[in-house]
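Chain letters run A, B, ... following the sequence lines, proteins first, then strands; residues in each count from 1. Note: hydrogens, waters and symmetry copies are ignored here, and every other heavy atom, side chains too, is used.
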There are 2 protein chains.
Amino acid sequence: MARPVSQTQIARQLGISQRAVSMALRGQSGVSEELRQRVRELADKLGYRDNFLARALIEGRTRLIGMLANGFADAFYLPILNAISSEIQQSGNRLVFCRWNQVKHDDDEELDSLLRLRVDGLLATPKTPTSWVGGGYEILHKQKVPVVFIDQQAPFDNFGSVISDDIDGIAQLVAHLKSFGHRHLLYMDVPAGRPPHATTSSLRRSGFLAAVGVEGLPLSEHHLLHQCFDQQEYTANLAALLRQNPKATALVCFNDGLALQVIDALHALGIRVPEDISVTGYGDALQNVERFRLPLTTINQSTHEMGQHAAQMLLAMIDGTGSAEKIRVPVKLIERATTAIARPLDHQ
Amino acid sequence: MARPVSQTQIARQLGISQRAVSMALRGQSGVSEELRQRVRELADKLGYRDNFLARALIEGRTRLIGMLANGFADAFYLPILNAISSEIQQSGNRLVFCRWNQVKHDDDEELDSLLRLRVDGLLATPKTPTSWVGGGYEILHKQKVPVVFIDQQAPFDNFGSVISDDIDGIAQLVAHLKSFGHRHLLYMDVPAGRPPHATTSSLRRSGFLAAVGVEGLPLSEHHLLHQCFDQQEYTANLAALLRQNPKATALVCFNDGLALQVIDALHALGIRVPEDISVTGYGDALQNVERFRLPLTTINQSTHEMGQHAAQMLLAMIDGTGSAEKIRVPVKLIERATTAIARPLDHQ
DNA sequence: TTGTAGGCGTTATCAG
DNA sequence: CTGATAACGCCTACAA
């Protein structure tokens, strides 16, 4: 690919200065109308396009927005990405999409790469490091690059964040189950402290404990089962948990994906959902869920709005009309088919 | 956001030339080891990062790859996007994501914006214009920007393309239905010539006609029903079509999404699937489809591979180790629950 | 109305 | 081994 046409080339062909070309093309005064015509014509003929990089170098802004996320596999993030790409594009900026490094446990490489690109701002669903200090995010923080976290608490004051109300969501689920007569609930979690879900995981777990307390329900010593990705093994683990908690009639799962795994395990154990045990998901991330054999009762997180909020906040931070806020988007319970009136069952 | 540290600033602080800093940081010979140390230390301390824009200006390449697509809503493209983002990132390039303009009927604005950014290459699932000449794509063609089309025939020799074998896919569906004893098939299409599906639509429709001929099945005069997005209206249209074709026992749908709509319409008419009428989808784009009440028989298009092929081809075109190819990815029939042995039914 | 000069942050080509 | 100096494509002063 040969180098594209530059203003200098046009100027040379016309025997004029490069500056005249620049002025003419941008419609600024300082060039005769006649010369402007000639410049325009030649530019069109040669297929001239202004070089965004060169301008960015001068202006000190690139109109590039970094977007860091865990790929496009998780359906939960799709409405968020959709909203974001839409907002960013409308604003005349461009989205540089950056995937999580699937092996490393931080985002430092990706952040470095985005920083070298001189993005004007960053939207991120970050991996959660054990500590935010000393890592790539602290560099953004110090350099005052506008950053908005999505689905993750902001670790610095000058970072914006858009999260959803996990505590309230879990509370709604627990209240819902209680209203169905459930008294012994168990919480199904993802592996502790592991990305991608580290923050929401701890929030929902503690939210569960709090909600159970508020509702005055008994709390089992073994109220929690961590996910493992071998379905056989998970089924065995779940069987053991139910044996330890024979009165349990409802399982509150960290998210929709885990809920599906739990339901499969229950079915493998010959336990019916929701007749024998109720199950709840979280996120309402499953597409076409109303077509499922067993549509999941879950919490909807208004993901599209989350994306919109995040993009708009970031754009406002960049052009100085707004500052970093912490936005908490409300959630709502979606009652479908995996929860029902409690019917105590003896697991043995 | 203040301007980030530059080599010149480092040089000034150290009282040396900017060039020395450049050499030192890139580990090139021409600088004493001792000076290199001092440069490195100060650079780290100041949080120096090389400016990609400046380098791109000189090198004439940006390591930016444009990706033009219709957002993140259509599940069919997600594995493609996933594969692409993965490949691009591994290669040390970055993806600039560009959404379709939802109102215009061409991609010219987006292409212009990408061209001004000087992307090194473009991956696209383009809108299909009535003519490729005179539009934005012809400009890329003339300027010899590496381009790979996905799920769309390439209109120029120097464009690569990765498509899947629609003709064969439809043929497999027709053969499958015939083996179940179906003789009267109808084809359900999307609105003619309308993006996003213009090309695949015409391919599948003609593939259907061809396959029906090859299999020696009768072809009704009214073999086709176009999608409309009002479900009420669509149901009425479908009822009319079935009245015109009382012998029809199988409906071949343009894609999975349409198949779902068709199934809903059939159910609204009190027609059972697959007992009364068999329905096929296309694309295998539905997530968790095995959990549906009615898992769809469909054609799997190996979307992940399509993305990989496209990205790898584009990267090879960019670095000159490969050229534009036309890749046709094979498809395979996935038999699930919406097709069954034909049982003629009188629709009246 | 036009041209010249300087700079944005880099790399590359020269001399010294 | 080092330091000016000129690109890259563009913009903004300033001078003509």
Side-chain angles (χ1 to χ4, degrees), chain A residues 1-40 42-43 46-64 112-120 143, chain B residues 1-40 42-43 46-64 113 115-120 143:
Chain A
M1 194 168 89
R3 274 186 191 267
V5 200
S6 72
Q7 293 185 349
T8 314
Q9 291 175 39
I10 296 179
R12 265 203 285 268
Q13 290 204 27
L14 254 33
I16 59 176
S17 77
Q18 177 262 319
R19 171 193 168 281
V21 176
S22 173
M23 302 302 263
L25 289 175
R26 281 179 305 149
Q28 296 209 3
S29 65
V31 189
S32 68
E33 194 50 47
E34 179 262 336
L35 181 58
R36 172 163 303 160
Q37 277 301 331
R38 287 170 52 208
V39 171
R40 282 248 169 81
L42 185 57
L46 297 179
Y48 169 82
R49 288 187 152 60
D50 61 318
N51 186 327
F52 232 96
L53 304 173
R55 176 177 300 177
L57 204 53
I58 295 172
E59 293 182 351
R61 67 183 306 194
T62 55
R63 298 190 172 280
L64 257 27
D112 186 66
S113 134
L114 256 12
L115 236 21
R116 289 167 33 182
L117 235 197
R118 300 294 191 266
V119 292
D120 289 342
Q143 302 200 351
Chain B
M1 192 168 90
R3 277 188 188 266
V5 199
S6 72
Q7 293 185 349
T8 313
Q9 292 176 38
I10 296 179
R12 266 202 286 266
Q13 291 204 26
L14 253 34
I16 60 175
S17 77
Q18 177 264 319
R19 173 193 167 280
V21 176
S22 173
M23 302 298 266
L25 290 174
R26 281 180 301 154
Q28 296 210 2
S29 67
V31 188
S32 70
E33 195 49 48
E34 178 261 338
L35 181 57
R36 172 163 303 161
Q37 277 301 331
R38 287 170 50 210
V39 171
R40 281 245 169 82
L42 184 57
L46 298 179
Y48 168 81
R49 290 189 151 61
D50 63 318
N51 186 326
F52 232 95
L53 305 173
R55 177 179 296 177
L57 204 53
I58 295 172
E59 292 182 349
R61 66 180 311 192
T62 55
R63 296 189 173 280
L64 256 29
S113 131
L115 235 23
R116 288 166 34 179
L117 236 196
R118 300 292 191 265
V119 293
D120 289 343
Q143 302 200 352

Review point. If you look at every strand shown and take non-hydrogen atoms under 4.0 Å, does B:R49 touch a base, only sugar-phosphate, or nothing?
Key: sugar-phosphate
Taken to the nearest 0.5 Å, the spacing of B:R61 CZ from B:R55 CZ works out to 11.0 Å
Protein-nucleotides 12-15 of chain D N/O pairs under 3.5 Å:
from	atom 1	to	atom 2	distance (Å)
D:dT12	OP2	A:R26	NH1	3.3
D:dA13	N6	A:R19	NE	3.2

d(A:L117 CG, B:L53 CG) to nearest 0.5 Å is 6.5 Å
Between A:A54 and A:E34, whichever has its closest DNA chain C nucleotide further toward 5' is A:E34
In this structure, CZ of B:R38 is separated from CD of B:Q13 (nearest 0.5 Å) by 11.5 Å
Rounded to the nearest 0.5 Å, the CZ atom of B:R26 sits from the CD atom of B:Q7 at a distance of 7.5 Å
Students should find that the nucleotides of DNA chain C closing off the region near chain B, any atom under 4.0 angstrom from a heavy atom, are C:dC8 to C:dT13
What nucleic acid atoms does B:F52 come within less than 4.0 Å of, heavy atoms only: base, sugar-phosphate, or nothing?
nothing
N/O (side chain, A:T8) to phosphate O (OP1/OP2, D:dC8) under 4.0 Å: no
For B:R19, the side-chain contact (heavy atoms from CB on, under 4.5 Å) test, sequence neighbours excluded, returns B:S17, B:M23
So CZ of A:R3 and CD of A:Q9: to nearest 0.5 Å the spacing works out to 10.0 Å
Here the distance between atom P of D:dG9 and atom CG of B:L53, to the nearest Å, is 15 Å
Which of B:I10, B:T8, B:L14 passes side chain to side chain contact (heavy atoms under 4.5 Å, CB included) with B:R12? Answer is B:T8
**OP:** Would you sort out whether B:V31 and B:V39 count as a side chain to side chain contact (heavy atoms under 4.5 Å, CB included), showing the intermediate values?
**Re:** CA-CA 10 Å; B:V31 188; B:V39 171; 5.8 Å; no
Check your understanding: Across the strands shown, which category fits A:I16 at heavy-atom distances under 4.0 angstrom: base, sugar-phosphate, nothing?
Key -> sugar-phosphate
Terminal axes of the helix from C:dT1-D:dA16 to C:dG16-D:dC1 (5 end pairs apiece), angle rounded to 10 degrees, sit apart by 60°
By side-chain contact (heavy atoms from CB on, under 4.5 Å), B:I58 pairs with (sequence neighbours left out) none
With sequence neighbours left out, the residues meeting side-chain contact (heavy atoms from CB on, under 4.5 Å) with B:R116 are A:R49, A:D50, A:F52, B:D112
* Asked: Is A:L35 touching bases, backbone alone, or none of the nucleic acid, heavy atoms closer than 4.0 Å?
  -> sugar-phosphate
_Just so I know, are the side chains of B:L42 and B:V21 near enough to count as touching, which here means a heavy-atom distance under 4.5 Å?_
no
Result for 5'-nearest mapping on DNA chain C, choosing between A:E33 and B:Q7, is A:E33
